[in-house]
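To start, the structure under review is shown below, and the notes come after it.
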Amino acid sequence: MNAFFALLRRDLRLGFRQGIDALVVVLFFLAAGALFPFALGPEPQLLARIAAGIVMAMAALASLLSLDRLFAGDLEDGSLDGLALSPLSLELVGLAKVVSHWLMTGLPLLVAAPLLGLLLNLPASLYPILLLALLAVTPALSLLGGLGAALTLGARRGGLLLAFVILPLFIPILILGMGAVSAVAQGESPLSALQLLLALDLAFLALVPWAMAMALRQLLR
Amino acid sequence: MTPSHQLIAQGIACRRAERLLFRDLNFTLQAGQALLLRGPNGSGKSSLLRLLAGLLPAEAGQLTWRGKDVRADRAGYRSDLAYMGHLDALKPQLLVLENLQFWADLVGATVPVENALAKVGLGPCAAFPAQHLSAGQKRRFGLARLLLKPVPIWLLDEPSTALDASGQRLALDLITRHRAAGGIAIISSHDDLALPEVTTLVLGTGLASPGKFGGGGSA
């Protein structure tokens with residue numbers, strides 16, 4: 001387990017040293033979301049109705065931004081060889097990368113989400129459920145994103161390819177996330193949607209590290 | 001280390017992108033022995049080292065370590081070897097010490113990182129960001145990684161590249177000590193490394209050193 005935390009600590013330290021990455025993700029999230037009021041015109045009712053959906057979709061897009069560098073640095077400087085030969089299994093290497101992605105992308109997005117909600121005239125009653133839904137959605141985004149990053153690693157224009165591979169997989173997660181929010185908006189219980197999201201999170205947690213390790217092993221050959 | 005520390009390669013073949021780099025490669029290395037890989041660029045020296053590290057699957061043949069096929073106990077074999085690739089695995093944003101500390105934590109180092117840095121002459125650079133290291137210093141960092149934990153097998157891909165005279169002496173000295181402690185070293189090099197009692201394996205030319213060390217066939 002020491003090796004796992006060593007890798008996580010190093011990746012977080014690298015992220016903070018570069019600093020700019022997490023900031024860019026949050027700024028993109030806010031700036032892209034803030035385009036909508038301008039594009040749709042000043043209709044507070046319309047915005048209020050779609051605000052939660054915009055926040056959710058922008059979170060999905062923003063979480064793509066730093067994915068293409070998730071493994072690329074370690075591939076380019078030979079660190080991936082060292083990781084593959086270390087006592088840490090490639091499954092746990094992948095999981096550490098996913099956790100660091102969530103901590104540097106998912107978590108900052110959660111913090112920034114209320115601000116975007118404010119810009120989009122999100123009804124006050126929906127803030128708690130939006131944050132709860134995002135809390136369940138972002139881990140799944142990071143896990144699927146990590147899988148996409150491992151699969152497209154080493155490919156030419158991997159970043160673009162990654163978006164094409166991963167965005168379709170984000171759709172069910174966004175549907176469930178929005179399902180929870182709209183249930184509350186209509187005065188119903190969001191429990192079933194949240195439970196399904198949690199089930200997806202756990203299923204991805206079990207399957208994705210294994211698939212990432214397969215992809216990385218192929219690549220190192 | 002016991003006499004059972006024996007690395008045997010039998011009939012190893014390696015294919016890269018449809019090209020057969022070498023085949024019918026045989027060698028036996030006992031504790032304290034070293035194998036020097038020579039050959040022109042692209043002859044498969046790096047591929048052989050990656051194959052021996054277990055990063056690359058062999059097209060054919062068998063690799064035996066301590067009397068067991070390495071495929072039977074990959075984790076055990078992996079923990080007995082150290083691989084120094086031609087890349088240095090340094091993060092320019094981190095300090096030299098932080099870089100080495102990471103690898104130390106990862107492999108479960110038994111030697112303090114400060115000692116390993118001091119041994120390769122990087123002690124004064126410990127608090128520098130790694131981006132300020134010269135090419136030779138980066139190579140020394142690679143040598144420091146080998147020293148974090150004593151392991152019986154060293155696989156070194158061009159360890160002397162970019163090293164100055166004192167760096168080359170350092171590399172030779174480390175390899176000699178490793179062998180004196182019963183370690184095995186397999187080294188690829190273009191330089192004339194003055195290694196004593198080393199067997200040379202020439203790849204990619206159809207030539208091979210005499211004795212039990214078989215040759216590598218060209219593609």
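This is a predicted model, so every value here is computed, not measured. Per chain, numbering begins at 1; letters A, B, ... match sequence-line order.
Looking at B/R50, the atoms closer than 4.5 Å to chain A (heavy atoms on both sides) all sit in the side chain, from C-beta outward. Of the atoms belonging to B/L51, not a single heavy atom falls under 4.5 Å from chain A. Neither the backbone nor the side chain of B/A75 comes within less than 4.5 Å of any heavy atom of chain A. No part of B/R74 comes within reach of chain A, as not one of its non-hydrogen atoms sits under 4.5 angstrom from that chain. Contacts of A/L80 with chain B are absent, with no heavy-atom separation under 4.5 Å from either backbone or side chain. The part of A/R9 that comes within reach of chain B is its side chain, from C-beta onward, which places non-hydrogen atoms under 4.5 angstrom from that chain. Residue A/R17 touches chain B through its side chain alone, counting heavy-atom pairs closer than 4.5 Å. Interface remark: A/Q18 contributes side-chain atoms only to the contact with chain B (heavy atom separation under 4.5 Å).
By the neighbour-count criterion of 12 heavy atoms within 6.0 Å, atom CG of B/D164 is densely surrounded, having more than that number from other residues, nucleotides or ligands.
For the set A/L14, A/L220, A/L88, the count of heavy-atom pairs under 4.5 angstrom toward chain B peaks at A/L14. Looking only at heavy-atom pairs under 4.5 Å with chain A, the residue among B/G85, B/P57, B/S79, B/S47 that has the most is B/P57.
A distance-only check finds a donor-acceptor pair linking the side chain of B/H178 to the backbone of B/I184 [under 3.5 Å]. A donor-acceptor distance shorter than 3.5 angstrom exists from the side chain of B/S134 to the backbone of B/Q137, with no hydrogens or angles considered.
Under a 4.0 Å N-O distance rule, the pair A/D74/A/K97 qualifies as a salt bridge. We find that B/D73 and B/R66 are not joined by a salt bridge, their nearest charged nitrogen and carboxylate oxygen being 4.0 Å or further apart.
A/G159 approaches A/D68 most closely through the heavy-atom pair CA-CB, 3.9 Å.
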Inset, instruction - Give the intermediate values and the outcome of salt bridge (charged side-chain N to carboxylate O under 4.0 Å, His left out) for residues B/K45 and B/D157. - result: CA-CA 8 Å; B/K45 300 185 295 298; B/D157 199 352; over 6 Å; no

